[in-house]
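Worksheet: the structure to be examined is printed underneath.
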Amino acid sequence: MKNNSQSDAIPLPPHIGDALATARSVVVLTGAGVSAESGVPTFRGKDGLWRHYRVEELATPQAFARNPLLVWEWYDWRRGLIADCKPNPAHKVIAGMEQHFEEFLLITQNVDGLHRQAGNRQMLELHGNIWRLRCTREGTKIENIEVPLSRLPPRCDRCGGLLRPDVIWFGEPLDPETLAKAWRAVEKCDLMLVVGTSAVVEPAASLPIIAKQHNAMIIEINIEPTPLSRLVDHSITGRASVVLPELVKALVKE
Ligand code: BV8
């Protein structure tokens, strides 16, 4: 039974508290919409542009090879912006879920590190992390929270090679081990929350489909419909920071 319920006043779909209370293995997939209320711009919304570039034009190995300085200016700008952002109630609820369910895994497409800041540890960062750099020569990974970066583009202290953001760009394969863990988790979960993603970027967008094929209940939380909305069991329209705390209240009531 599908149910599109408006939120903010949050009339949740009936029996959703019961579904949450009886869930044994839960997976949460998040996208930029979860961080939107922390002040992190989303990718495809109205604020999805930077100097008239779209993410698909800058987050590619070709763009980096062609103009590493431009790509690094974008990432340095984003790091500067994200550095001042804090986890919002949506991040905090998802962090709290980790202790609540017998099995729990957060799979995030976000690279902002806010889920870890909120306390999640059982998590996969499908697309990497903007606070980690990688040497293009040696492959070594370096945590770096310097804002702004003292040198653009940054270079490896050891070999002088160009450093790149340790994120997965369009056209680059996801880490096979990370992806295998995500596939295993969605195949065995009995409940999957899909929160704040436009569900267009693959292979992340296929994870809820795989979960559905393995008989999981899929609940989507978004401020607008997505290509996934017609496929899920419940599509709740509302802001993640409002809907998620209400979901937890419904769970506690059960
Ligand atoms: C790969 C890191 C293969 C960088 C990102 C089919 C199969 C396989 C690949 C493809 C395929 N079709 C196309 C492809 C290629 C491509 C792709 O998917 N393109 C898209 C554009 C069609 N995929 C790839 O290239 C992937 N690689 O498949 O490799 C391969 C195999 C072998 C050898 C070589 C290659 C790699 C994809 C990863 C790209 N990297 N990010 C960086 O961030 O700098 S993707 C980028 O998009 C971010 O990670 C972001 O998380 C992700 C998804 O976007 P969303 O998170 O959903 O954000 P968006 O703005 O779109 O939407 C926000 C949503 O939130 C909206 O729905 C909005 O309504 C909602 N919202 C807003 N506010 C709120 C809210 N919801 C709730 N509450 C709110 N308050």
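Every heavy atom of this structure was used, including side-chain atoms; hydrogens, water molecules and symmetry mates were not. Residues take their numbers from the sequence shown, with the count starting at 1. Counting convention: from 1, in listed order, for ligands and their atoms alike.
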I want to know if ligand 1 touches [X] in the polar sense, i.e. an N/O pair below 3.5 angstrom.
X	value
Ala32	yes
Ile168	yes
Phe170	no

### Partner of Val111 under side-chain contact (heavy atoms from CB on, under 4.5 Å), chosen from Glu125, His127, Arg132, Arg79
His127
#### Entry: Residue that, paired with Ile219, satisfies side-chain contact (heavy atoms from CB on, under 4.5 Å) out of Val243, Val195, Leu191
Leu191
[X]: numbered ligand 1 atoms lying under 4.0 Å from its heavy atoms:
X	answer
Ala36	73 (N)
Thr42	60 (O)
Gly171	24 (C), 25 (O), 34 (C), 35 (C)
Ala240	77 (C), 78 (N), 79 (C)

### Task
Give the intermediate values and the outcome of ring-ring contact (aromatic ring centres under 6.0 Å, His included) for residues Tyr53 and Trp74.
CA-CA 10 Å; Tyr53 291 96; Trp74 180 49; 8.8 Å; no
### Task
Would you indicate whether the side-chain heavy atoms of Cys189 and His214 approach each other to under 4.5 Å?
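His214 vs Cys189: side chains apart.
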### Query
Heavy atom of Ile223 under 4.0 Å from ligand 1?
yes
